[in-house]
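Down below is the structure, laid out as structure tokens.
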Amino acid sequence: MNVIEIKNLTKMYGASRGISDISFTVEEGEIFGFIGPNGAGKSTTIRTLLSLIYPTSGSATIFGKDIVQFAPEIKKEIGYLPSEVFYYDNMKVKDLLNYSASFYKKDCRKRIKELANIMDLDLNKKIDDLSLGNKKKVGIVQGLLHEPKLIILDEPTSGLDPLMQQKFFELLEEENRKGATILFSSHILTEVQRLCNRVAIIKEGRIVAVEKISTLKENTYKKFKVETKSALDPHYFNLAGVNKLEVKDTHTSFLFKGNINEVMRKIADVEITNLWIEEPDLEEIFMHYYEKEA
Amino acid sequence: MRMNILLHELRAYRKSTIIWTISLIMVAALFMSFYPSFTKDTEEFRKLLEGYPAALREAFGINLDNFFSILGFYCYGLSFVTLCGAIQAMNLGTGIISKEVREKTADFLLTKPVTRAAILTNKLLAAFISIIVTNIFYITAAILLAYQVATENFDVGIFLLLSLTVLFIQLIFLGLGIIVSVIFQKIKSVLTVSLATVFAFYFLGMFSSTSGDEAKRYLSPFKYFDTAYIMEHSNYETPFLITSALFIILAIGISYFIYGKKDIHTV
């Protein structure tokens, strides 16, 4: 079953572009990444899904229901964490969370305590007095306290220290195991890589690719760096599948896509002092998509 | 009705409601405290006031026929109470939506399972309750004050009718504030906007009453309730009552319409 189904969604801000003709689906139980640089349209898409803003054309459904028509009903089962959290300043953390919980017809007190424990959040402090990171934790607890079936996160990790980020990811994975679907928007690729099954890549308001993380990696090249004893003939590694060949004295580097044995044989034929073979990280794959499109 | 939103809003308004209520009572008390000395030298004051140009007296709402009765004197003070009340109401109205935008809590509230209409209804209701509470305390205090300083008997019914004009004008400015609030969501300073608007209408009212043109009274809510008329007829002027009601209904209706369709942007 598709939890989110987006069909040709377009949002214009006057004459300027928000997002245009976006289509993708998020299946039940997935952790779906939504990546692109700042200003590409991630937040616009998410805010449209939450009917904070309304589409110019196209449509989308969540749990099979139209996002505009059934907005309040859909939101019963959505937990949302915005990139920047701001809450009623003169409230205590606990009061804010209880206020948030009061919108859902279930008893959330136990879950609030659990989440506060995991995230190491003091419920009796005033929101005013919290650091950015702690405010973020309030946001996380606020987004998860009603055990939503769909969790929508818009650049959620800013302001969290690495340790908390780790705990947060574990929390998300736990929610996912319990059956929650997650839409995770980010411009930081390592976190998407770490967490997500599939990703949609967005650029200048359009989706450039929707891929499994594993496929993204499979279909790409490896990075080779070879250090040899003496300088090589610049054309020595010039074979099919080699890209971006760079030779600098005894250092040779290139990208390779194809049968790896061919390269290994070539390497074995020369006297080497050092060798690096690296998987490209998502960033490089991502740049690859961007360059291809440009 | 969503009790949770209503209670949250009421809690948020608590402090300002108390402060405004006390302010309104203080203004009334200040004026009433002058009354005993006024009645002592009635003739001299009358001569002094007669020396002013009629237009100036009109602008300040001074009516020589009844200025020296407790009710007439109260009316004079009432115009300042009304001014303060209008600012309170305009603040409330203007803050209804813009407060969420300014404090950036709109995302919090609008991603909850509630309709925008329900949000607006409960926020409006909270503002309305705040105004009603202010008026209950104000009117009670004003009547007590009047009894304290009055040298002769006065009609409490008329006193009540006069005092209720504060409520009506507040409701008009509440409506005006909401419209401003939904149209210009990014209001930086509510007080600046509401002070400017309220004073603009106040001065507009002053000038329109100097010209004596009946139609111009429709331009400023401050002129909808003529205290001299109320004292004479023990009633309000129906056309202005209808205009007020229509304006309030229209303002609220338009606000629901705009707020239901408006995009909520990040700040």
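The sequence lines fix the lettering, A, B, ..., with proteins before strands; numbering per chain opens at 1.
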What do you reckon, is [atom1] of [X] surrounded by more than 12 foreign heavy atoms closer than 6.0 Å?
X: A/K167; atom1: NZ; value: yes
X: B/F240; atom1: CZ; value: yes
X: A/K125; atom1: NZ; value: no
X: A/Y13; atom1: OH; value: yes
X: B/K15; atom1: NZ; value: no
X: B/F247; atom1: CZ; value: yes
X: A/R111; atom1: CZ; value: yes

Worksheet entry | Residues from residues 254-264 of chain B approaching chain A under 4.5 Å (heavy atoms) | B/G260, B/K261, B/K262, B/D263, B/I264

Discussion item. Out of B/P113, B/A106, B/A12, return the one with the most heavy atom pairs under 4.5 angstrom to chain A.
Written reply: B/P113

Discussion item. Filter on ring pair (Phe, Tyr, Trp, His ring centres under 6.0 Å), then keep only pairs touching residues 34-77 of chain A, sequence neighbours left out; what's left?
Written reply: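 Qualifying pairs, neighbours excluded: A/F24-A/F34.
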
Fill in: Pairwise distance CE(B/M3) to OG(A/S102) - rounded to 0.5 angstrom
11.0 Å

Fill in: Euclidean distance, B/N4 CG relative to A/N98 CG, rounded to 0.5 Å
11.5 Å

Would you indicate whether the side-chain heavy atoms of [Y] and [X] approach each other to under 4.5 Å?
X: B/T115; Y: A/P72; answer: yes
X: A/F103; Y: B/I5; answer: yes
X: B/D107; Y: A/R47; answer: yes

Discussion item. Checking B/T111 against A/K75 for the side-chain hydrogen bond (donor to acceptor under 3.5 Å, both in side chains) test, could you report, in this order, the C-alpha distance in whole Å, the side-chain angles of both residues, the deciding distance, and whether it holds?
Written reply: CA-CA 7 Å; B/T111 51; A/K75 286 174 195 165; over 6 Å; no

Worksheet entry | Contact origin within A/S100 toward chain B - heavy atom pairs under 4.5 Å |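 Contact with chain B involves both backbone and side-chain atoms of A/S100.
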
Item to complete: Mind running side chain to side chain contact (heavy atoms under 4.5 Å, CB included) on B/K99 and A/Y88 for me, showing each step along the way?
Response: CA-CA 10 Å; B/K99 191 177 65 176; A/Y88 306 92; 5.6 Å; no

Practice prompt. Tell me, please, which residues at least two apart from A/E27 pass salt bridge (charged side-chain N to carboxylate O under 4.0 Å, His left out).
Written response: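 A/E27 satisfies salt bridge (charged side-chain N to carboxylate O under 4.0 Å, His left out) with no residue once adjacent residues are dropped.
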
Worksheet item: Does anything in residues 134-149 of chain B pair up under side-chain hydrogen bond (donor to acceptor under 3.5 Å, both in side chains), and if so which pairs, sequence neighbours excluded?
Response: B/T21-B/T134, B/Y74-B/Y138, B/Q88-B/T134, B/N135-B/Q170

Worksheet item: Side chain, backbone, both or neither: which part of B/R11 has an atom under 4.5 Å from a heavy atom of chain A?
Response: neither

Worksheet entry | Minimal non-hydrogen separation, B/R116 against A/L52, with atom names |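 The pair with the smallest heavy-atom distance is NH2-O, 3.0 Å.
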
Practice prompt. Kindly determine whether A/Y99 and B/F108 satisfy side chain to side chain contact (heavy atoms under 4.5 Å, CB included), including the steps that lead there.
Written response: CA-CA 11 Å; A/Y99 183 39; B/F108 171 84; 3.8 Å; yes

